[in-house]
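Notes for the one structure printed next.
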Amino acid sequence: EAQVTQNPRYLITVTGKKLTVTCSQNMNHEYMSWYRQDPGLGLRQIYYSMNVEVTDKGDVPEGYKVSRKEKRNFPLILESPSPNQTSLYFCASSRQGIYEQYFGPGTRLTVT
Amino acid sequence: GQQVMQIPQYQHVQEGEDFTTYCNSSTTLSNIQWYKQRPGGHPVFLIQLVKSGEVKKQKRLTFQFGEAKKNSSLHITATQTTDVGTYFCAGLKFPNAGGTSYGKLTFGQGTILTVHP
């Protein structure tokens, strides 16, 4: 089954404790991205990757890091989480030039 | 930067009533996409519009792309309780002429639809 998976689905952590949210897709998509969803703000892009070892900032990259060492994986790293990063995070992938986004199930992160 | 505004933010309707959400971009778009997110779920792709003035239908859903390719709408006829959720538009724009670079997809804020039985 074609899908995008994210782990963990729920995470409660404390300020400053480094964490990683994993994202994996099995569709051989070149393009992957991370979004955060906040009430009234819609989906805002954090980082995106056009292919292995090619990443770039989206609209709200501050406080986040990503890497793309393999085509299927695109982890999101919060080196020192802060309460304003409490949000619902989605990973998405798409084929090069197609742009239809396939979203993962989401990760709800709470930073206290 | 590119902005995509979507209204209304919320819409409450009685089952059987029609519903429309509107999407406006500050710049001309290459195409526009629409997604639906059920409560507790993730966004799911509905459709993509590419041509100026394009109209597409999916059963009770009608999607339009404006002549200037800066606005779009989604209209649902005779809503049902299964239509509840958040509807997002997403505008695609290529940063360079000719579209050789990867496009930037910008989402609207979404419209949360509630349907009362």
Side-chain angles (χ1 to χ4, degrees), chain A residues 1-7 9-10 21 23-25 27 29-61 68 87-108, chain B residues 1-11 21-26 29-50 56 58 63 85-96 98-113:
Chain A
E1 180 191 354
Q3 61 181 349
V4 178
T5 57
Q6 293 179 229
N7 282 292
R9 295 289 313 278
Y10 303 90
V21 184
C23 173
S24 183
Q25 50 93 5
M27 295 168 279
H29 285 169
E30 293 83 7
Y31 182 87
M32 298 185 74
S33 65
W34 276 102
Y35 296 88
R36 61 177 289 173
Q37 183 176 13
D38 302 288
L41 297 178
L43 292 158
R44 294 181 292 167
Q45 191 179 53
I46 302 170
Y47 268 94
Y48 65 94
S49 169
M50 288 185 276
N51 217 322
V52 176
E53 301 292 0
V54 181
T55 63
D56 207 348
K57 297 177 180 179
D59 297 315
V60 287
R68 187 93 181 270
S87 186
L88 178 58
Y89 291 87
F90 288 102
C91 179
S93 72
S94 67
R95 281 177 55 194
Q96 187 79 6
I98 301 296
Y99 302 109
E100 172 187 339
Q101 304 285 300
Y102 289 80
F103 283 84
T107 296
R108 186 165 292 281
Chain B
Q2 180 180 331
Q3 290 189 334
V4 175
M5 307 298 291
Q6 192 174 349
I7 57 169
Q9 187 173 354
Y10 302 94
Q11 186 74 58
T21 175
Y22 301 90
C23 190
N24 291 287
S25 170
S26 56
L29 300 170
S30 302
N31 69 40
I32 196 151
Q33 302 174 1
W34 286 91
Y35 292 79
K36 176 183 179 181
Q37 181 181 23
R38 294 183 186 276
H42 59 274
V44 174
F45 178 83
L46 292 176
I47 207 162
Q48 177 171 282
L49 304 172
V50 180
K56 287 188 176 181
Q58 290 179 349
F63 304 84
T86 302
Y87 292 85
F88 290 101
C89 63
L92 180 69
K93 185 173 177 67
F94 289 98
N96 300 320
T100 55
S101 299
Y102 201 87
K104 178 172 174 55
L105 196 65
T106 301
F107 281 81
Q109 297 90 334
T111 295
I112 300 173
L113 173 64

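In what follows, chains are A, B, ... by sequence order, proteins preceding strands, each numbered from 1. Every value quoted in this text rests on a predicted model; they were computed, and no experiment measured them.
- Only the side chain of B/Tyr35 comes within less than 4.5 Å of a heavy atom in chain A; its backbone stays farther off.
- In this structure, chain B has heavy atoms under 4.5 Å from both the backbone and the side chain of A/Glu100.
- Of the listed residues (B/Thr86, B/Leu113, B/Ile112), just one forms a side-chain contact (heavy atoms from CB on, under 4.5 Å) with B/Tyr10, and that residue is B/Ile112.
- With chain A as the partner, the residue from B/His42, B/Gln48, B/Gln33 showing the most heavy-atom pairs under 4.5 Å is B/His42.
- Only the side chain of A/Tyr35 comes within contact range of chain B, with at least one heavy atom under 4.5 Å from a heavy atom of that chain.
- A/Leu43 touches chain B through backbone and side chain together, each having a heavy atom under 4.5 Å away.
- Between the side chains of B/Gln37 and A/Gln37, at least one donor N or O lies within less than 3.5 Å of an accepting N or O.
- No side-chain donor-acceptor contact under 3.5 Å links B/Thr111 and B/Gln11.
- Counting non-hydrogen atoms of neighbouring residues, nucleotides and ligands closer than 6.0 angstrom, the CZ atom of B/Phe45 exceeds 12 such neighbours.
- Applying the side-chain contact (heavy atoms from CB on, under 4.5 Å) test between A/Ser94 and each of A/Gln101, A/Met32, A/Gln25 identifies A/Gln101 as the sole match.
- Neither the backbone nor the side chain of B/Gln6 comes within contact range of chain A; no heavy atoms are under 4.5 Å apart.
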